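Structure first, commentary second.
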Protein chains: 2
Amino acid sequence: MTDGVHPQRGGPDAEPAAGAGRTRRSDATRAAILRAAQARFAADGYDRATIRAIAADARIDPSMVMRYYGSKEGLFAAAAEFDLRLPDFAGVPPERLGEALVGHFLTRWEGDATLPALLRTACTNPGAAERVRAIFAGQLGVAVARVVADPTQAPRRAGLIASQLLGVALTRYVLRLPPMVDIPPADLLTWLAPTIQRYLTADPTQARVDP
Amino acid sequence: MTDGVHPQRGGPDAEPAAGAGRTRRSDATRAAILRAAQARFAADGYDRATIRAIAADARIDPSMVMRYYGSKEGLFAAAAEFDLRLPDFAGVPPERLGEALVGHFLTRWEGDATLPALLRTACTNPGAAERVRAIFAGQLGVAVARVVADPTQAPRRAGLIASQLLGVALTRYVLRLPPMVDIPPADLLTWLAPTIQRYLTADPTQARVDP
DNA sequence: CTGGGAAGTCAACAGCCGTTGGCATACGGT
DNA sequence: ACCGTATGCCAACGGCTGTTGACTTCCCAG
């Protein structure tokens with residue numbers, strides 16, 4: 001990638017006048033490519049998802065993908081844009097933070113195939129793995145740090161929470177372990193909330209949960 | 001795969017006399033291929049690990065891989081053979097089952113790169129995913145069923161346990177989230193044991209862990 | 001010593017991949 | 001109506017992949 005922006009070979013990419021809401025004629029194509037790419041990356045992972053297949057799904061020529069996204073990596077970067085959209089948990093009582101966190105993740109994931117795609121790819125693609133690390137160290141990390149007493153313990157607590165939440169995403173959406181696929185979201189919330197709550201607030205010197 | 005066994009093109013593969021401990025001259029090569037394959041599959045995943053690279057690591061010709069393992073899929077099947085080696089937990093007091101399970105998994109994983117390899121590949125390769133499903137539904141599932149009171153709840157409990165354990169394997173060995181990589185195994189055991197214990201024995205109708 | 005089969009080497013094939021440059025077309029401002 | 005430009009298609013290149021077949025070398029039983 002020698003150029004930071006899409007090459008747009010025909011000439012300079014400068015918008016003519018209004019900076020914001022201007023729509024180009026090719027935006028529909030761009031969107032179609034992105035939609036097809038998200039679906040293919042989610043279904044097949046980075047390596048097995050070919051530009052030719054994505055282009056065929058979007059009913060355009062493979063070279064259009066290169067023109068609009070520069071390279072396969074650039075396309076993936078655009079397709080795997082992902083925001084946890086963590087809300088502000090300031091108004092949540094401390095003993096219900098686990099429930100709130102799990103609930104947010106479950107509703108965020110059901111019906112959005114971006115995270116499974118990112119997860120699939122992150123298992124083999126170093127760039128995608130770095131992206132996942134950044135998301136969970138950044139977005140989740142700071143959210144946890146805001147509600148945890150001892151700030152030195154925040155990264156470890158966030159890591160443990162990520163391990164459980166990503167474990168659910170992995171087994172439910174990627175590997176599709178039957179028992180995990182079958183659990184209704186409400187039951188899942190009931191099971192997971194206490195785990196996250198404990199990772200969030202339990203005394204780290206504890207040896208065992210009380211009987 | 002038309003033949004269940006390695007083709008061995010030169011002729012029939014029948015051992016001459018003694019059925020068991022007979023060692024062929026090529027066993028060293030076979031082992032070298034397998035070792036190189038496990039390392040490459042673990043590091044790169046199925047798609048990015050090429051037969052040529054594996055053969056180069058093992059200092060042999062790529063065609064030898066085909067002769068001994070039939071195809072890339074056959075090689076992976078041999079390299080990703082994985083047994084959880086779950087012991088018999090009959091002698092463990094019920095309230096320490098979580099600790100025993102987590103401890104076994106941690107010692108089983110540290111120093112054996114086979115599971116990360118399998119996990120990496122399972123994210124994109126349907127055959128490997130099926131293998132992981134079989135391992136956790138089979139080996140872990142029956143172990144859990146033996147110690148759980150209500151047998152109808154066993155699969156769900158096993159699924160939740162798998163979600164936490166695989167989540168740890170994913171974040172610690174595959175994605176390498178820094179906070180998860182840095183936790184010493186002893187601390188990890190302390191944090192995870194209560195979670196697994198709860199998935200194993202807690203009342204499913206509970207709403208929340210007691211404060 | 002000799003023949004035969006196993007072990008290993010070499011070069012090549014066919015296929016798919018990401019990527020590129022050239023060319024036709026349709027649009028929109030003037 | 002004109003023309004520059006954005007949009008799109010086509011054909012192709014070079015590279016890498018799994019896989020194959022023929023060839024040489026080595027070992028060991030007879």
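Note: hydrogens, waters and symmetry copies are ignored here, and every other heavy atom, side chains too, is used. Sequence lines set the chain letters: A, B, ... in the order given, protein chains first and strands last, and positions in each chain run from 1. Quantities reported herein were computed from a predicted structural model and do not represent experimental measurements.
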field: Test: A:Arg96 cationic atom under 6.0 Å from A:Phe89 six-membered ring centre, within 45° of axis
entry: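 Checked: cation-pi criterion not met.
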Select one nucleotide: of [options], the one nearest the side-chain heavy atoms of [X].
X	options	value
B:Thr50	C:dT19, D:dT17, C:dA7	D:dT17
B:Asp61	D:dA12, C:dT9, D:dT7	C:dT9
B:Lys72	D:dT19, D:dT7, D:dC10	D:dT19

Atom pairs and distances, donor-acceptor, side-chain atoms in residues 135-142 of chain B, under 3.5 Å, two or more places apart:
residue	atom	partner	partner atom	Å
B:Gln139	OE1	B:Leu84	N	2.8

Send over the distance from [X] [atom1] to [N] [atom2], rounded to a whole Å.
X	N	atom1	atom2	value
A:Asn125	C:dG18	CG	P	13 Å
A:Leu75	C:dC17	CG	C1'	15 Å
B:Arg48	D:dG15	CZ	C1'	16 Å
B:Ile60	C:dA7	CD1	P	13 Å
B:Ile54	D:dG18	CD1	C1'	12 Å
B:Met66	D:dT17	CE	P	14 Å
A:Ile33	D:dG8	CD1	P	8 Å
A:Phe41	C:dG18	CZ	C1'	12 Å

field: Test side chain to side chain contact (heavy atoms under 4.5 Å, CB included) applied to A:Cys123 and B:Thr121, B:Leu119, B:Thr124, B:Leu170, the passing residue
entry: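 Passing option: B:Leu170.
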query: Think A:Thr29 has a side-chain N or O under 4.0 angstrom from the OP1 or OP2 of D:dG8?
result: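 So the side chain of A:Thr29 is within the cut-off, an N or O lying under 4.0 Å from OP1 or OP2 of D:dG8.
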field: Of A:Arg52 and A:Arg59, the one whose closest DNA chain D nucleotide lies more 5'
entry: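 By nearest-heavy-atom nucleotide position, the 5'-most residue is A:Arg59.
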message: Between B:Arg176 and A:Glu130, does any NZ, NE, NH1 or NH2 come within less than 4.0 Å of an OD or OE carboxylate oxygen?
response: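 No salt bridge links A:Glu130 with B:Arg176.
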- request: Let me know, please, whether B:Met64 or A:Ile51 comes out on the 5' side of the other along DNA chain C by nearest nucleotide.
  value: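 That would be B:Met64.
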message: Applying ring-ring contact (aromatic ring centres under 6.0 Å, His included), can you list everything that pairs with B:Tyr199, at least two apart in sequence or on another chain?
response: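 Expected list: none.
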No-H, no-angle donor-acceptor pair, B:Ser63 side chain to C:dC10 base, under 3.5 Å: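 Flag set: donor-acceptor pair detected.
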